[in-house]
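Handing you a structure now.
A note on names: the letters A, B, ... follow the listed sequences, proteins ahead of strands, and every chain is numbered from 1. As the structure is a prediction and not an experimental result, all values here were calculated from the model.
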Amino acid sequence: MMASSYNAKDEDGHITVTGPGGGAVLRSKKPENTAFKQQRLPAWQPILTAGTVLPAFFIIGLLFIPIGIGLFVTSNNIKEFEIDYTGADTSSPCFNCSQNFSWNSTSPCTCTVPFYLEQPYESNVYVYYGLSNFYQNHRRYVKSRDDSQLNGNLKSLREPSKECEPYAYHNNKPIAPCGAIANSMFNDTLELFYNDPNGTSVKILLGTTGIAWWTDKHVKFGNPGGVDSNLSAVFQGAGGCWSLALSNAYKRDSTRSSSSDRLSVSGTTKPLNWRRPVYELDSDQSNNGFVNEDFIVWMRTAALPTFRKLYRIIGKSSQMVPTLPRGNYTLEVVYNYPVRSFEGRKRMILSTISWMGGKNPFLGIAYITVGSVCFFLGVVLLVIHHKCGNRNNGAEISN
Amino acid sequence: MLRRRLNRLLGGDERRVDSRTIYVGHRSSSPGEPIIKFCDNRIVSSKYTVWNFLPKNLFEQFRRIANFYFLIIFLVQVIVDTPTSPVTSGLPLFFVITVTAIKQGYEDWLRHKADNEVNKYPVTVLEQGERTRKDSEKIKVGDVVEVEEDETFPCDLILLQSSRDDGTCYVTTASLDGESNHKTHYTVSDTEKDLETLNATIECEQPQPDLYKFVGRMHIYKNDQEPVVRSLGPENLLLKGATLKNTQRIYGVALYTGMETKMALNYQGKSQKRSAVEKSINAFLLVYLCILVSKALVCTILKYVWQSRPGQDEPWYNEKTQRDKETNLYLKMFTDFLSFMVLFNFIIPVSMYVTVEMQKFLGSFFITWDKDFFDPEIKEGALVNTSDLNEELGQVEYVFTDKTGTLTQNNMEFIECCIDGFQYKYRDASSELDGFCVADGPVNKVQEKAGRAKEELFLRALCLCHTVQVKEPTEQGPVDGLMDQVDAGVPHPPQEQRGFIASSPDEVALVKGAMRYGFTFLGLESRNMKILNRNNDVEMYELLHVLTFDPVRRRMSVIVRSNSGDTLLFCKGADSSIFPRVRQEEVERIRMHVERNATEGYRTLCVAYKYLSAEEFAQADAGLMEARLALQNREEKLLAVYNQVETDMSLIGATAVEDRLQEEAAETMEALQGAGIKVWVLTGDKMETAKSTCYACRLFQRSTELLELTVRTLEDGGRKREERLHELLLEYHKKAVQDAPPLKGGITRTWSSETQDYGFIIDGATLSMVLNSSSESNSSRYKSLFLQICQNCTSVLCCRMAPLQKAQIVKMVKNSKGNPITLSIGDGANDVSMILEAHVGIGIKGKEGRQAVRNSDYAIPKLKHLKKLLLAHGHLYYVRIAHLVQYFFYKNLCFILPQFLYQFFCGYSQQPLYDAAYLTMYNICFTSMPILAYSLLEQHICIEVLLDNAALYREIAKNGMLRWRPFLYWTLLGVFHGLLFFFGVRYLFSNPALQDNGQVFGNWSYGTIVFTILVFTVTLKLALDTRHWTWINHFVIWGSLLFYVFFSFFWGGIIWPFLKQQRLYFVFANMLSSVSAWLVIILLILLSLLPEILLVVFRKPRGPNSRQTAAVTPLSYKHLKAGQ
C-alpha cells in the first residue's frame, strides 16, 4: 500500500508542466553497488546439522545433570516443617476459635498447637504463614491500593485513590492505609515455645526485621511526614502544626474537590478489619506505620491462591547449639484471621533456606530430567548419525 | 439475453447524448442558441482539502478492518472497567493512525502542489482577436489557445493552425504513453488562416479515455456559402499532457477541458491487487479471532461457575464496590466478556500490520536497487509500481508472455525477400558462397532472376507502403537526416545512419531493407513521398490515402499517384490476409518461401499491388471520404471500404524479417520451467513464427509432442469445424490428461521424466470457438477440456491473439481450479489487458512505448531479469513474509496464552499477568525489530544457489509456507511454548520463597519471570531460524534483548510519579538476584527451543534427496518436510 501510493505521487509528476527541454530527467540512475543494496552484506550462515548439534546435546546433558543433582540435594537438605492450624476439624485445637470467630469480639481467641521437630534446625530458621484458597491475585484485590499513599504522600493520605473503593473512606474519614489488601492484612499472632525436656517452656525469639524487600521498606513505602515525625499525630491529624500544614497544602492545589466535607474532617481512620491503627503496628518507630515489615510483606500480593509469606526469622544464636533443637514445641496462635468463610486454610511453616531459596524439588527434578533427555537424545542421535552417516557423509561435508 | 437487451437499451441512451457541439471562439452561428456549460479546465487529483482532511482521512483509515477492530477494542477499554488501561491499545493505534495520516496528508499536499502548478500555468488565449494571458484553469471549451514550442498542451485541442507551412505539427506523448518519438498531427484542412474570422462548430463525441480514438466533424461556415464539413480524427487532436515539438507555435480550439481530458480520464487508480499472502493472513486472523472469542467465552463462563460456589464471589477480604453490586447480572457478564476480550486482544497485534507494510515497502527497494536489473542501454533499472505483491513473485505458477518485444528483441532486421518466387538474400560482401546473391558493395546487385521491373516494383512498394517518418535533424543534434543535402545533389551520407521513426519496427526494417537494395525513402513532403531510386533519381509519389494497419485486417495499404499519373495501391500484410485477395496462380510460388521463412522464425509479410483505374479510384476515394466523416460506426464503415478496395491485387513478393531473441531468453524460459512454472506464449503473430520462437526459446523441445488446435487442423478432416473441434479436444484430452501418469506433487515436471512432454498450440479463431461455442453446455465443457489439456502440457502457445483474448486466457486460468497465481509479462500496449488481468503484471521497458510499464506492477528492462526477479527476489520475499506472518502469530500466541492460563489461578478476575508496560512494549519494542530485520535481510538460501537451482522454487509453490499445516505447526509451537512458560514458572512458585534470604516473590515477579523467558525464547527462536546473519541481524537481535534488560531495570528502578501503582518497582532486579529464577529461565528457554533443534537434526537423514537439498534446505522448511 505504501509503495503504491508512493508511486502514485510519481505519476502525479506527469501532470506537472515540464520546462523547456522536455524534462528528460531520468527517474532512476544506476543503482549503487553497495553490499547492503545488493543484498550482499557479509553474513554468517550457520547450518544446524547433526554434527554441530550433537556436542551441544552432550554438553547440555553433562551440564544439566550435575546442576540438577546439586539442586535436588540442596532442596532435600532444606528442612521444612508445616502445620495447619485452621481448625477445620473438631479435633484440632483451634476449632473453637475458628467456630466462634467474630469481628467484634474484644477478647482475642487463643489456641495452642503442639508439634514435634524430628530434626534439629541448624541454621537460620524462617517462619512463614501460609494461606490457601486466598485470592490475593484477584484483580479487584490487586488494584485496591494506593501506592502514592503508601509512599507517604500527604495528599493521597487525605484523599485515597478511587481504586481503594470500597475501602477508601469510613465515616467520611479516609482510611489509612486504604484498599482491600491493607484491610485484609494477616493479623494472627504466632508465637513459638520450645518445651524443654525438663518441663520448662522457652519462648523462642522471633526477629521481625529483614522479612520485606529492602527497596520496599526504604523507598517504595514511607510514612507521611518523613522518617522521624510523630506518626500518631500525622495519622490522627490531631491539631498541631502538621494538620494545619497539611490542610493548607491541600487547599492550595485542590479546589475542585467535591468532598469539601471530607476536608473539614481531620485525620484518618484505621482499616475496618484492623484491631489497631497503622501507627500502632509496632513499638519500634522504624518498623511502624507504613514501613512496618509485616505490612509490607502482606502488601506484596501473592501470585497464586495458595501462598506463603515470610513472618519471622529465628536468628542463629550461637555456633554450638542448633537454632531449633529436636524436641517438642508449642505454637501459640492468637486467632484473629477468619478463613473458614471461603474455605481457606492457614498454615505455619518453619523452613531453613539455601542459596536457591526455600524447599522446592521441582527445579532439581526438571534439570535432571532435561539433562538426561538431552544426553539420551545425544546418544540416540549419535547412533543414528553413525549408522546413516555413511550414506550422508557427502552432505555433511558439503555443509 | 435480458442483459443484452438491457445493454442495448442503455447503449441507445448513451448514443443520444453521444456528441457535443463546440463553437470555435464562442462564435455561435445562430446567436439565440444556448451555450452548454462544460466543466472548467481545473485538474483535481488531490483527495482532501484542509477542511475535510481529518474526518475523511479517519473515515478511510477506519474502513480497514484491522484499524476498526483496534478502535473497538480501544473504545471498550475506555468505556468498560477493563484490566488494562486504554493507553496500552490506544497508544499503538494512535501512532499507526497518525503516521498514516501524516504520510497521506503529505502526499496529498504534493498533489495539491502539482495541481496548482498545472492549474495556474499561464496560457495565451485569443479572445476577441486579442491575445490575453490567463491561468490554465480558466480555459473554457471553445477557447482558441496558443501553444508555443516545448510547451505542453493545457487541454485537449483541435489543431487549427500551425506555424509550419504544411499544416502539421510534431508532438511527443512521452508523458502520456511514454512513446518518445515525434508524432505528426494535422490541421483541419480548409480552416482559414485568419482565426479571428473563423466561424465554425465542432461536433464530436463525448469525452472517452481511449487515447488513440477520436471522431468528430467540423462545420466551417463561410460567408453565405454552404457550410464545409471536415472529418476530425485522432490526427487532429492534441492531447493535454503532450508536448509540442519542432513547431514554433500552434493554435487550437479547446475541446475537452479539465477532468474531461483524455489524460484525466486515463488517470484512474488501478484496481488494487491483493496477494495470496494477504488472503492467508486474513484467514489466520479469523482463526485467531475465534481463539480470542472462545478464550473470552470460556473464561466468562468459568468465572460465573466459579463464583456460584459459596464464599468465592465476594469473600470478606475482597468486597465489591457499591456500583458493582448494583449492576445487572447480564450486563456484568457482558462487560466481563468484553474485559476478557481486551485482556487477550494482544493476540491480534496492531504491530503486525505495521510490520508487514513496512516490510513490503522497504523490501521493494531491493528490487529497484538491484544492479543486475540495470540495463546500460536504456540506463534504467527495475521499477516497482506496487509493493503489495512482492511475495506473489515467489508463488507464480503460470507465466503468460508476449512474444514480440518480450521473448524477442523487437529489433527487426531485414533478412531476405522473395520477388516473384525468387529468393534474394542480403548478405555482407563476404558471403558470396550463397548461390543466391552477388554482393556488390553496400548496394546489392540483385541477381537478375525476377525481371528488373518486378524487382523495382517490389522495392518501390517497400518504400511507399508504410507510415515511417524520417527523423528531422535537430539544430544541435548529429546530422543524420540530411535532406537538404540530398536535394542539392550532394552524394549520399552513409545510409545506415539515416534515422527512421515508426510505430512498428517492422516497417523500419523494411524501409531499411529497401535502402540496401538501392531504394531510399527520403521523406514525406506535403503529401508527396520522395524516393531516391537506384539511379540516384528522386521519384515523387503523391500520397492519396493510407489504409491504416489494424490487427483485424492484419494488413495496410497506401494509394499513391506516380508522376506518370498512374494510381497505384500497394498493400502489405500477413500471408493469411493477403493470399485470399490476390490472384491465386501467383500464390503458390511465394507460399513456399513464406512458410519456409516462417518456420525459421522470421516474420514474413507479403506485398501486393494493383493499378487503380480512374473510376475505381474515384469510387474508393468517395467511399473513404464518406466513411471518415461518419460520426458513428466509423471504424466499421472504414473497414468495409478497405476490404472493398483491397481486392484483386497481384502478389509481388514477400519479405522476411528476423526478430532476434532477447538475451538469455532460452535460459530464462528453461529456468522458469525448471521452477515448475508453466509458460504460455500469447502472441498476435502467426503460428509458424511463434512456434519457431518457442523452439528457439526451448519452450518446446525436440521430444515435445505438439498438440495443435488451429484453424488448419480443424479444416483437415473436411468436416464441420465444430465437430472436428469436439473430436480433437477429446483426443488430446485422452492423450494428455487421461493417459498421463498422475504427477507427483501436482505441478512439478521432473527432469528425468520418462513421460511424454506435450506442447499445446491454439490460435485465436479456434480459441474463440472454444470459449464462445454455439451451445452453452458445450462451451463450459470445451472450456474445462481445454483447461485440463493445457494444465498437463509443459508449454502452451496461443497465436493470433487479439489483446482482449490474451486477457481472457489469463482470466480463465486465474479462475480455474486451485486459483493458480498468474504472471503476465509484456512490453506493448496490446499486453496491457493481460498485465492488468494477471495476479502480477510485469512490464518490459521495451521499444513499444511505456504503456505496459505504466500499467504493470513491476517493470524490468529485459526478459532475462525475470529469472532473478522470480527465482531470487520472489522466492526470498515469499519466505520472508511467510515467516514474518507465521512468527507474528506464534509470538503473540505464546505471549497471551500464559495470561489466559493465569485466569484459572486468579479466580477469572481478568488480572493481567504482565505489567501494562510489558503488554504495550512487547510488540512495539522488544520483539519487533528482529523480525523486521529478518524479513528484510533473510537469505535462507543464497541468491546464487537460488538462481542455479530453479527447482528450489517449487518448494514454496502453492503457498507452501502459509498453508494450514505449517500454520498448525506454528500454532502448536506457540501453545507448547505458552504452556511451558506458564507451568514451568507455576511449579517454581509452589514455593514462592525464591531468594536466599527467605523473602518471597509476588504476582508481578511471576509475570516478569514468564515475560523474560518469553522475550528471550521468541527472539532466540528467530535467531535459530535466521540463516543469514549480517551485522544488522546481530545488532538487532542482541540489541533487542539488551534493550529489554535495560528497560526492565530502568522501568523498575524509579518510582514513576505518573503511575498510579508502582507494581514493578525493583521486581526485575530482585528477580535477577534469585538463583532459582535464573535457573528456571535458562531451563525453560532451552526446553522450548529443544524440539526445534531436534526436528532439524532428526529430519536431516530422512529426506529422500537429502544429498542435494541438505546443503540448501533451510530450517524454515522443516515443517513442510516433516509433513511429507
Testing the 3.5 Å rule here: is there a donor-acceptor pair between the side chains of B:Thr152 and B:Tyr121?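 Absent: no donor and acceptor within the cut-off.
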For chain B, which candidate among A:Asn133, A:Asn151, A:Leu71 shows the most heavy-atom pairs at distances under 4.5 Å?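 The candidate making the most pairs under 4.5 Å is A:Asn133.
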Using non-hydrogen atoms only, which part of B:Asn991 is less than 4.5 Å away from chain A: side chain, backbone, both, or neither?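 Both parts, heavy atoms under 4.5 Å.
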Only pairs of heavy atoms separated by less than 4.5 Å count here; which of A:Trp214, A:Tyr337, A:Phe307 has the most with chain B?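 Counting heavy-atom pairs under 4.5 Å, the top option is A:Tyr337.
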Side chain, backbone, both or neither: which part of B:Gln312 has an atom under 4.5 Å from a heavy atom of chain A?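 Just the side chain, heavy atoms under 4.5 Å.
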Between A:Pro42 and chain B, which part of the residue has a heavy atom less than 4.5 Å away: side chain, backbone, both or neither?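 Backbone only.
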A:Asn273 portion near chain B, given a 4.5 angstrom heavy-atom threshold: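 For A:Asn273, the side chain is the part near chain B, not the backbone.
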Top of A:Ala35, A:Ser184, A:Ala43 for chain B proximity - count of heavy-atom pairs under 4.5 angstrom: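 Heavy-atom pair counts peak at A:Ala43.
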Can you tell me which of A:Ile353, A:Val373, A:Val297 forms the most heavy-atom pairs within a distance under 4.5 Å of chain B?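 The residue among A:Ile353, A:Val373, A:Val297 with the greatest pair count is A:Ile353.
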Under 4.5 Å from any heavy atom of chain B - which part of A:Val53: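 For A:Val53, side-chain heavy atoms alone lie under 4.5 Å from chain B.
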What part of B:Leu937 gets closer than 4.5 Å to chain A, counting heavy atoms only: side chain, backbone, both or neither?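 For B:Leu937, the side chain is the part near chain A, not the backbone.
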Need one label for B:Leu1079: side chain, backbone, both or neither, based on atoms under 4.5 Å from any heavy atom in chain A.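 For B:Leu1079, backbone and side chain are both near chain A.
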Can you tell me which of A:Arg300, A:Met185, A:Arg145, A:Gln39 forms the most heavy-atom pairs within a distance under 4.5 Å of chain B?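 Answer, by heavy-atom pair count under 4.5 Å with chain B: A:Gln39.
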Taking B:Gly1007, B:Pro310, B:Ala993, B:Gly998 one by one, which has the highest count of heavy-atom pairs under 4.5 Å against chain A?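 Max contact count across the listed options: B:Gly998.
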Chain B contact via A:Ala212 - side chain, backbone, both or neither, heavy atoms under 4.5 Å: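 Backbone of A:Ala212 only, per the 4.5 Å heavy-atom cut-off to chain B.
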Segment of B:Thr321 engaging chain A (4.5 angstrom heavy-atom cut-off):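 Both backbone and side chain.
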Is chain B contacted by the side chain of A:Ile181, its backbone, both, or neither, given a heavy-atom distance below 4.5 Å?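 Contact with chain B: none, neither part.
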Atom group of A:Ala366 that falls short of 4.5 Å from chain B, counting heavy atoms: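 The answer is both parts of A:Ala366.
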With chain A as the partner, which of B:Leu1086, B:Asp372, B:Ile1055, B:Leu988 has the greatest number of non-hydrogen pairs under 4.5 Å?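 The option with the most such pairs is B:Leu988.
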Under 4.5 Å from a heavy atom of chain A, the part of B:Ser136 involved: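 Neither part; nothing is under 4.5 Å.
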Under 4.5 Å from any heavy atom of chain A - which part of B:Leu1059: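 The answer is neither part of B:Leu1059.
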For B:Arg323, is it the side chain, the backbone, both or neither that has a heavy atom under 4.5 Å from a heavy atom of chain A?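 Interface part for B:Arg323: neither.
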Considering only heavy atoms, which portion of B:Asp108 lies under 4.5 Å from any heavy atom of chain A: side chain, backbone, both, or neither?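 For B:Asp108, no heavy atom lies under 4.5 Å from chain A.
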Out of A:Trp355, A:Phe342, A:Trp213, which one racks up the most heavy-atom pairs below 4.5 Å with chain B?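 Top count of heavy-atom pairs under 4.5 Å with chain B: A:Trp213.
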Mind ranking B:Asn1070, B:Asp996, B:Leu994 by heavy-atom pairs under 4.5 Å with chain A and telling me who comes out on top?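 Option with the greatest count: B:Asn1070.
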Between the side chains of A:Lys359 and A:Glu82, is the shortest nitrogen-to-carboxylate-oxygen separation below 4.0 Å, so that they form an ion pair?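 So A:Glu82 does not pair with A:Lys359 through a salt bridge.
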Could you look at A:Thr301 and say if it's the side chain, the backbone, both or neither that has a heavy atom under 4.5 Å from chain B?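 Both backbone and side chain of A:Thr301 come within 4.5 Å of chain B.
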Should the pair A:Glu32-A:Lys37 be classified as a salt bridge under the 4.0 Å nitrogen-to-oxygen rule?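 Between A:Lys37 and A:Glu32 there is a salt bridge, with a charged N closer than 4.0 Å to a carboxylate O.
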In terms of relative ring orientation, are B:Trp369 and B:Phe365 parallel, tilted or perpendicular, with 30° and 60° separating the classes?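 Parallel, since the angle between the ring planes stays under 30°.
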Is B:Leu1087 close to chain A through its backbone or its side chain, or both, or neither, when contacts mean heavy atoms under 4.5 Å?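 The answer is the side chain of B:Leu1087.
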Given a strict heavy-atom distance threshold of 4.5 Å, which part of A:Tyr141 is in contact with chain B: side chain, backbone, both, or neither?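 For A:Tyr141, heavy atoms of backbone and side chain both lie under 4.5 Å from chain B.
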Go through the atoms of B:Leu362 and report whether side chain, backbone, both or neither lie under 4.5 Å from a heavy atom of chain A.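 For B:Leu362, no heavy atom lies under 4.5 Å from chain A.
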Using non-hydrogen atoms and a 4.5 Å limit, figure out which bit of A:Phe36 sits close to chain B: side chain, backbone, both or neither.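 A:Phe36 touches chain B through backbone and side-chain heavy atoms alike.
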Where on A:Asn124 is there a heavy atom nearer than 4.5 Å to chain B: the side chain, the backbone, both, or neither?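 Nothing of A:Asn124, per the 4.5 Å heavy-atom cut-off to chain B.
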Positive for ring-ring contact (aromatic ring centres under 6.0 Å, His included) with B:Tyr1006, one of B:Phe1001, B:Phe905, B:Tyr902, B:Tyr987: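 Among B:Phe1001, B:Phe905, B:Tyr902, B:Tyr987, the one that satisfies the ring-ring contact (aromatic ring centres under 6.0 Å, His included) with B:Tyr1006 is B:Tyr902.
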Who wins among B:Ser1074, B:Gly907, B:Pro1057, B:Cys942 for the most heavy-atom pairs under 4.5 Å with chain A?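 Option with the top pair count is B:Gly907.
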Indicate, with yes or no, if the rings of A:Trp298 and A:Phe134 have centres closer together than 6.0 Å.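 Yes; A:Phe134 has its ring centre under 6.0 Å from that of A:Trp298.
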Side chain, backbone, both or neither: which part of A:Leu150 has a non-hydrogen atom closer than 4.5 Å to chain B?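 Neither part; nothing is under 4.5 Å.
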Among B:Val1075, B:Asp370, B:Val985, which residue has the highest count of heavy-atom pairs closer than 4.5 Å to chain A?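 Of B:Val1075, B:Asp370, B:Val985, B:Asp370 has the most heavy-atom pairs under 4.5 Å with chain A.
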Determine whether B:His940 and B:Leu876 satisfy the following criterion, side-chain contact (heavy atoms from CB on, under 4.5 Å), listing intermediate values before the conclusion. CA-CA 8 Å; B:His940 62 296; B:Leu876 289 179; 3.9 Å; yes
In terms of the angle between their ring planes, are B:His873 and B:Phe373 parallel, tilted or perpendicular, with boundaries placed at 30° and 60°?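 Answer is tilted, since the angle falls between 30° and 60°.
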Give, as side chain, backbone, both or neither, the part of A:Leu54 having an atom under 4.5 angstrom from any heavy atom of chain B.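 No part of it gets close to chain B.
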At what distance, to the nearest 0.5 angstrom, does NZ of A:Lys143 lie from OG of B:Ser909?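 Rounded to the nearest 0.5 Å, the NZ-OG separation comes out at 10.0 Å.
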Where on A:Tyr135 is there a heavy atom nearer than 4.5 Å to chain B: the side chain, the backbone, both, or neither?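 Both parts, backbone and side chain.
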Side chain from CB out, backbone as N, CA, C, O: work out which of these in A:Leu363 comes under 4.5 Å of a heavy atom of chain B, or both, or neither.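 Side chain only.
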Aromatic centroids of B:Trp1004 and B:Phe1066 separated by under 6.0 Å: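 No - the distance between ring centres of B:Phe1066 and B:Trp1004 does not fall below the 6.0 Å cut-off.
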Between B:Asn1033 and B:Thr1030, a side-chain donor and acceptor under 3.5 Å: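 Judged by distance alone, the side chains do pair up.
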